[in-house]
Each structure stands twice: as C-alpha cells, then as structure tokens.
Protein chains: 2
Amino acid sequence: MINSKEIAKIAGVSRSTVSRVINNYPNVPQKTKEKVLKVIREYNYRPNFSAKVLCGKKTNTIGIFVVSLNPQGENTFKVNLFQNFYFGNTVDALIDISNANGYYSLVQIIYKKDGVSKLVDIFAENRFDGGIIIGLDRKDPVVFDIARVGLPFVLIHYDEEYLLKNLPEKSKVGLVNSMDYEAGVQATEYLISLGHRDIGFISGRFTNYSTYERWRGFLDVMRKNSLEIRKEFFIRGDYLLYKTEMELKHLIKAGKLPTAFIVCNDDMALVTINVLKSNGIKVPDDVSLISFDNNSLAEFSTPSLTTFKLPVYEMSERAFNIIVKLIEAGKYQEKTFVYTMPMTLISRNSCKAVR
Amino acid sequence: MINSKEIAKIAGVSRSTVSRVINNYPNVPQKTKEKVLKVIREYNYRPNFSAKVLCGKKTNTIGIFVVSLNPQGENTFKVNLFQNFYFGNTVDALIDISNANGYYSLVQIIYKKDGVSKLVDIFAENRFDGGIIIGLDRKDPVVFDIARVGLPFVLIHYDEEYLLKNLPEKSKVGLVNSMDYEAGVQATEYLISLGHRDIGFISGRFTNYSTYERWRGFLDVMRKNSLEIRKEFFIRGDYLLYKTEMELKHLIKAGKLPTAFIVCNDDMALVTINVLKSNGIKVPDDVSLISFDNNSLAEFSTPSLTTFKLPVYEMSERAFNIIVKLIEAGKYQEKTFVYTMPMTLISRNSCKAVR
DNA sequence: CTGAAAGCGCTTACAG
DNA sequence: CTGAAAGCGCTTACAG
C-alpha cells in the first residue's frame, strides 16, 4: 500500500500538507488541495488506521462486549448469539445503530473463565473510543477495574446503587436498565387481579440484574397481599431450558402445581408450556403463564404468550447515545448517566382468570 | 496509560527485553522474564494495539461486512439487522465463531449509495487481517477492487464463474455459496410431483445470487416438464413485504391464481399466507407454498412452512475457516477456495397435493 | 542474552 | 501557507 510520503512526493508537497488535505484543514489553498486530492484518488491512497490512532486520533469505533458465562461447561465455546434473544438482538441493534451513525463496531464475546478480567485488558489496548457491555453480573466488580482504565463505557443491566457507590472519581460511565422491579410488581399484581393466589416463580440467574429485580417485585407484592410464597413453587431455571424442564417435571410428579407461574423469560415459558402440555396440563386453563422479553415466537406459540416487552432496541439506542456523549466530552467532563426504561405488558393468551 | 518504556525503566531492562517477554521470545532467561512480568502485572500494562499493528503485527481481527442497499429510500439508515434472518444470523454466527477462535470481529454494515466503494477504503485501512462479505450483488464488480488491496477476504453468495474469471492474479479470495439452483430445481419438482402445474414464483431481487439461482432452477424444471411459465403468476417481491403484499393483492383481484407458489424467503411466504387468508383463500388447501430459509417462525406459523433450510451457521463456519487459512498462508500462498453447501427440504404443512 | 537505534505511517506544534 | 522535525508506542534486525 502506498503511504503519505509517496503521495507527498508525487504531488510535490510535504507530508504535512498531505495530512492537512486529508484532515480538511482550513488553511490549504484550493489549488494545492485539488492537486493532492487528485494524486490520492489516482493511487487509491488511504491513511493507515493504526498510524492515525497512534498519533492520538479517534478510532471511531464502539466496542461491544457480551459477557456470557458458559453454562454447559467451560469447554464449550460458542454462545449461540444468534439463538439468544437478549444478546443477539442487543448486539444486532447496537451494531446497526453504531454503523448508521458513522461508528465502526468491534464486537467481542467474553466466554467467562479468565474472560472477565480480559475485559480490562481489551479496554487498555485502546482499540476503540468507548465500550458498551452487556451480560455482566449485577454486581460484578470488574466494572471498577475497567473504569480505572479511563475509557468511557456504558453498562446495560447492572445494579445502579452498587455502581454509583463504588465508582472511582472521574469515571465516564453510563448505565441503562429496564424497569424489572416494576415489571415484577405488575406481573404479580396482574395475576392476583385474575384471582390467582398460588403463584409460582421460574427464575433466571440471581446474579442477573433482571431476575433479581423481578423477584424482588414478586416478593413485595406477595407479601403485601399476605400471599404465601411456597418454596415448592419456586423453580430455579437459570435461563436454561433443560434445567427448567427437569425441575418442572419433578414438580409435576410431586403432584401439586400453582395456578400461575411468573417465568423469567419467554424461552423458559415456551418450554413450560410444552412440558405441561405433554403432562395433560393446559395453559392457560389449568395454569397461567406470564413471562418477559416478547421474543419473536411469543406471538406465535400456542397459546400466545402474555409477556413484558423488553425494550431492547430502545435500550441499545440509549446506550449508544450515552457512549457518544461520553466520548465527545473527552477529558473535559466526567458524568455518569443513568436511564431506566419501562417494560410494557403485552397481554395475549397465556393467562386466564381463576374460577 | 503506562507504556513499555516506563515498564522497562522500572524493571531495569530495555524496551527490547520488555517486548521479548511480552511476545514470549525463547531467549529470555526465566529470571528476567519473571522480573518484567511482575512489573507488567503490577502496573496493569498492556501493549498499545495500534503501535503493534504499525510494526507489522497481526490485528487478530476479522472484518465482517454486510452490504445492504436500503430499499426504503437512501435516507433511512438502519438495516434492522436483528429482524433480518439472513443478515442477522450470519453476523451473529460469524461473530460467535470468530470470538470462540480467538479473533476479534469488526462489523460494518454498508448502507450502499457510496458505501460499496467505501468497502475498498476500509480494506485499505488495514484494520483487520481478513474480511468476510455478505449481501453483495451476485456480480458486483467492487470485489475486484477489493481484491487489488491485497487483504484476503471471503464472499458469501456470489457468482462463482464471474468471480473466478475476473479475479486479478495473486488474489486471496474465498467463496461460500448455498446450492440455490439445486433447491430451485427440487422445489419445482416437488410441487410437480404433488400434481401442481400452475406454479407461480415470488421472487427476491434478481441481482441477488440466491434469487437468481432459484429462478434458474425453476425455469429449467418447468421447461423440462413442458409446463407454462405464466407471466401473471410471477410476483417480484424483492424480499420486501409491502411489495409482496401489494402485488399479491393485485393478482387476487385479477381473479386467477396458481395452485402453488415458490417463494424466495419465509418472510414473504408468511405475508403471502396472511394476504391469501384474509381473502378467503386457504393454504395449503387452495394454494401450496414452498419457501426458503427456515427462519425461526417457519415452524410456528399456521400452517407451518415447507421450506429449504439455508445452512447459515455452517456457511459461516466455512467462511471463517477459509479466511483463517488465507490469513495464515500470509504472502506465501495464493489460492481461491470455493464451497457450495446443500440446502435441505424441510417438509411441513404449507404444501398439499392437488386433487 | 541484551541494548541502542531504526522504522512502521501518520499528525502536529514550530518556525519561517 | 508550508516544510522539517519530533513524537505516538511498539518491534526487530543488528551488534556486541
């Protein structure tokens, strides 16, 4: 590849001038500009990216990081991003939004293990102007190590209080959450309003922001209504389909079911429907189901799912806007942006009033 | 951020030695190594990425490029990657596979217009070791400009003959296609075997490899069976749902329908079902539908779709393997790899034998 | 085994 | 308006 030195030589100017033309500096006469531009076009010259960055130019790149501990054992890599509603859609939205706004996107999936600390390393390499991180545990302290690197980043789904309390001074950090506590409250109240009193809960991972918050909401409402929270109606699904299936089968065998389940995502709800169905239990006639996400199947399953829409696209947009603000603020401003976005109940056919 | 010079100073060695330790050169005594490593850890030092690349080190990054001309007018950016089965899943798979194998992935969506030529520029910036490109027209000549840059790349879905004929010498290029011609043949033969003779075709874009090939297959079989290809049964859907809907409505209004349609993707097939349904026409009783992709809804629609599975994941894996081979071959080998992967007919409920 | 020096390809004060 | 020079942070022959 040709470099600026040669371009300069051919155009009969110095490298400084070539640089000035490329970077659109004002004090280059039109004539010189055209002369240089002509050579650039002719030789298809493109300034070397690394050299530019090394001189302190921006990378124009957003780092997108998906932290995904691997439940099937540490040997299996692959997240199956493309089968995961939350990760897949967030990454896709983030890429799309970044690109549409003139930023490159560098995507990196962290397959846990040593991975999370590797996050710090990647930030220290200075490959991007700012990062967006999803999939971290709600209180993963790696965040503070990353903050110390100095590059701005925004978190999607993380504990707000814990973050703000422990963030080092002068951190450039953003946070985007969904209103999972409120959704948990609303889900429980909705079921109660339908006459349900025996309400079960199929959880995701409790290290996870959303699961934790929804569970809190559930507990608060159950207690407020003096409803018993029965241990046997709690299923630790951990967002894993085989686990959900296994534990649910146990419960069915044990003989007693709640009249409704709050399920921490649509995928587990879909499995729940199937397992119940194959045991002769009807949804929603025998058991009601309310879940979260509103994934692409929610509308098409039988019955269709009553679920809370996770505003993935809107959250991604917000995260992108914050990171850009943080990047542009440069060294002159430190601020922490926090947004919490509403989830919407989409009422379909998996819930029914209890007789 | 601390740099190698300071690390060297603190550790009491030269930058050369720091570099040797980092890059695991063999001729560093254990003791020196440990001394340096200790300082590196203590100060959380990470070699600057751009500086490394500028010295000729690899970027360890795969560039992933999605070319998506924007049908809704040039002002609308956003591809809605996450709603697009083909693009979304391919990108996700590519990211996943790259990351799992130790490569970063730099993703860039090209929103056409000036975009395609911008592709050449990005390749010239030397930000990644090799690229994978999807979404290009089956004969987009930009490929040859990119090839001239010298970085290896692999194309997904491109005209093989045209590519091989026009590629400059010493190109490091790969190509991964699916057997769309064969699928087109098989789809048509299948419908004929069910007794259909009036077969319509709802096309994607003809500049697109898959549409073109499937159409060729369709034509060949229809001719071989001396079946009439009726112009009025051809709908140019262009992969656009509103267009498919509009043209189909025209056709319905005109009064005469084929007994079966070959539809160039599941999304258009789903729309077709809806439009027919709302006009009192039943699938598959009145009209059979066979499509391509096997997207996540294909199984759940009513009726479920008989469709050809596009092996997105397998194709992505293949593309990744090729690009790695090409990268590792370095300057010493030039070779063009071409693979064409089978599509599988998944027989469900949208086709029926004609009485 | 190890350090001094050159070089990768840019940009940016600085001087004129 | 424009060029020579220094500098960004590494790596890598080269010499010892």
Side-chain angles (χ1 to χ4, degrees), chain A residues 1-37 39-40 43-61 121 123-127 129 149-151 330-331, chain B residues 1-37 39-40 43-61 121 123-127 129 149-151 330-331:
Chain A
M1 281 280 87
I2 195 163
N3 61 20
S4 75
K5 198 172 165 185
E6 297 189 59
I7 294 291
K9 202 161 143 195
I10 297 166
V13 296
S14 71
R15 277 144 82 219
S16 317
T17 299
V18 173
S19 179
R20 285 186 192 105
V21 170
I22 288 166
N23 292 295
N24 246 308
Y25 278 38
N27 50 353
V28 181
Q30 194 56 28
K31 217 176 146 186
T32 316
K33 202 174 198 164
E34 271 162 22
K35 188 171 62 180
V36 175
L37 244 23
V39 180
I40 288 179
Y43 287 83
N44 226 303
Y45 167 69
R46 266 252 115 181
N48 179 297
F49 176 75
S50 301
K52 262 165 45 183
V53 173
L54 197 52
C55 297
K57 288 281 187 183
K58 289 210 292 192
T59 63
N60 252 291
T61 305
D121 295 341
F123 268 78
E125 276 186 336
N126 194 29
R127 297 192 57 165
D129 301 326
V149 173
L151 229 55
K331 296 171 189 162
Chain B
M1 282 281 84
I2 195 163
N3 61 20
S4 75
K5 200 172 165 183
E6 296 188 59
I7 294 291
K9 202 162 145 193
I10 297 165
V13 297
S14 72
R15 280 143 82 218
S16 315
T17 299
V18 173
S19 178
R20 285 187 192 104
V21 170
I22 288 166
N23 292 295
N24 245 310
Y25 277 39
N27 48 353
V28 181
Q30 195 56 30
K31 216 175 148 187
T32 317
K33 202 173 195 165
E34 271 162 21
K35 188 172 62 179
V36 174
L37 244 22
V39 179
I40 287 178
Y43 287 82
N44 226 304
Y45 166 68
R46 265 254 116 178
N48 180 294
F49 177 75
S50 301
K52 263 166 46 184
V53 172
L54 197 53
C55 295
K57 289 278 188 186
K58 287 208 291 188
T59 63
N60 252 290
T61 304
D121 295 342
F123 267 78
E125 275 185 338
N126 195 29
R127 297 191 57 165
D129 301 327
V149 174
L151 230 55
K331 295 173 190 159

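First the proteins, then the strands, lettered A, B, ... as listed; each starts at 1. Predicted model only: the values in this text are computed from it and were never measured.
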Counting only side-chain nitrogens and oxygens, does A/T17 get under 4.0 Å of the OP1 or OP2 atom of D/dT2? no

When the distance from CD1 of A/I22 to P of C/dC10 is rounded to whole Å, what number comes out? 7 Å

Minimum-distance nucleotide to B/S16 side chain [options: D/dC8, D/dT11, C/dG3]: C/dG3

d(CD1, B/I7; C1', D/dT11) in whole Å: 16 Å

Would you say the side chain of A/I7 lies within less than 4.5 Å of the side chain of A/V13, judging by non-hydrogen atoms? no

So, does B/Y45 get its side chain near the phosphate of D/dC10, meaning an N or O under 4.0 Å from OP1 or OP2? yes

Base, sugar-phosphate, or nothing: which does B/T32 touch, judged by heavy atoms less than 4.0 Å apart? sugar-phosphate

For residues A/R20 and A/V28, report the shortest heavy-atom separation together with the two atoms involved. CB-CG2, 3.7 Å

Look at the side-chain N and O atoms of A/K57 and state whether any lies under 4.0 Å from the OP1 or OP2 oxygen of C/dT12. yes

Going through the checks in order, is the side chain to side chain contact (heavy atoms under 4.5 Å, CB included) test met by A/N126 and B/F49? CA-CA 7 Å; A/N126 194 29; B/F49 177 75; over 6 Å; no

Using only modelled atom types and a 3.5 angstrom limit, is any donor from either the side chain of B/S14 or the base of C/dA4 paired with an acceptor on the other? no

Can you tell me how far C1' of C/dT2 sits from NZ of B/K31, to the nearest Å? 16 Å

Check the phosphate of C/dC1 against B/K33, side-chain N and O only, distance under 4.0 Å to OP1 or OP2. Yes or no? no

Can a donor-acceptor pair under 3.5 Å be found between the side-chain atoms of A/R20 and the base atoms of D/dG3? yes

Here the distance between atom C1' of D/dC1 and atom NZ of A/K35, to the nearest Å, is 12 Å

Tell me the closest heavy-atom pair linking B/A51 and A/L54, and the distance in Å. CB-CD1, 3.9 Å

Partner set under side-chain contact (heavy atoms from CB on, under 4.5 Å) for A/E6, not counting sequence neighbours: A/I2, A/N3

The answer to which of B/L54 and B/V13 contacts DNA chain C further toward the 5' end, by nearest nucleotide, is B/V13

What is the distance from CD of A/E6 to P of C/dG9, rounded to the nearest Å? 9 Å

Rounded to the nearest 0.5 Å, the CZ atom of A/R46 sits from the CD1 atom of A/I22 at a distance of 9.0 Å

Name the stems that DNA chain D belongs to, where each is three or more consecutive Watson-Crick or G-U pairs with both distances under 3.5 Å? C:1-3 with D:14-16, C:5-12 with D:5-12, C:14-16 with D:1-3

May I have the distance from B/Q30 (atom CD) to C/dC1 (atom P), rounded to whole angstrom? 11 Å

Quick one: closest heavy-atom pair of B/A8 and B/R15, and the distance? CB-N, 3.6 Å

For the side chain of A/N48, starting at C-beta, report the closest nucleotide among D/dC10, D/dT2, C/dG9. C/dG9

Among D/dG9, D/dC1, C/dC10, which is the nearest nucleotide to the side chain of A/N27? D/dC1

For A/Y25, report the nucleic acid contact type (base, sugar-phosphate, nothing); a contact means any heavy atom under 4.0 Å. sugar-phosphate

Within this structure, what is the NZ-to-P distance between A/K5 and C/dA6, rounded to whole angstrom? 14 Å

Kindly point out which of C/dA6, C/dT2, D/dA5 is positioned nearest to the side chain of B/R15? C/dA6

What are the two closest non-hydrogen atoms of A/N60 and A/D129, and how far apart are they? N-OD2, 2.7 Å

For A/N126 and D/dC10, give me the distance from atom CG to atom C1', rounded to whole Å. 13 Å

For C/dC10, does OP1 or OP2 lie under 4.0 Å from any side-chain N or O of A/N3? no

Counting just side-chain N and O atoms, does B/N23 come under 4.0 Å of either OP1 or OP2 of D/dT11? yes

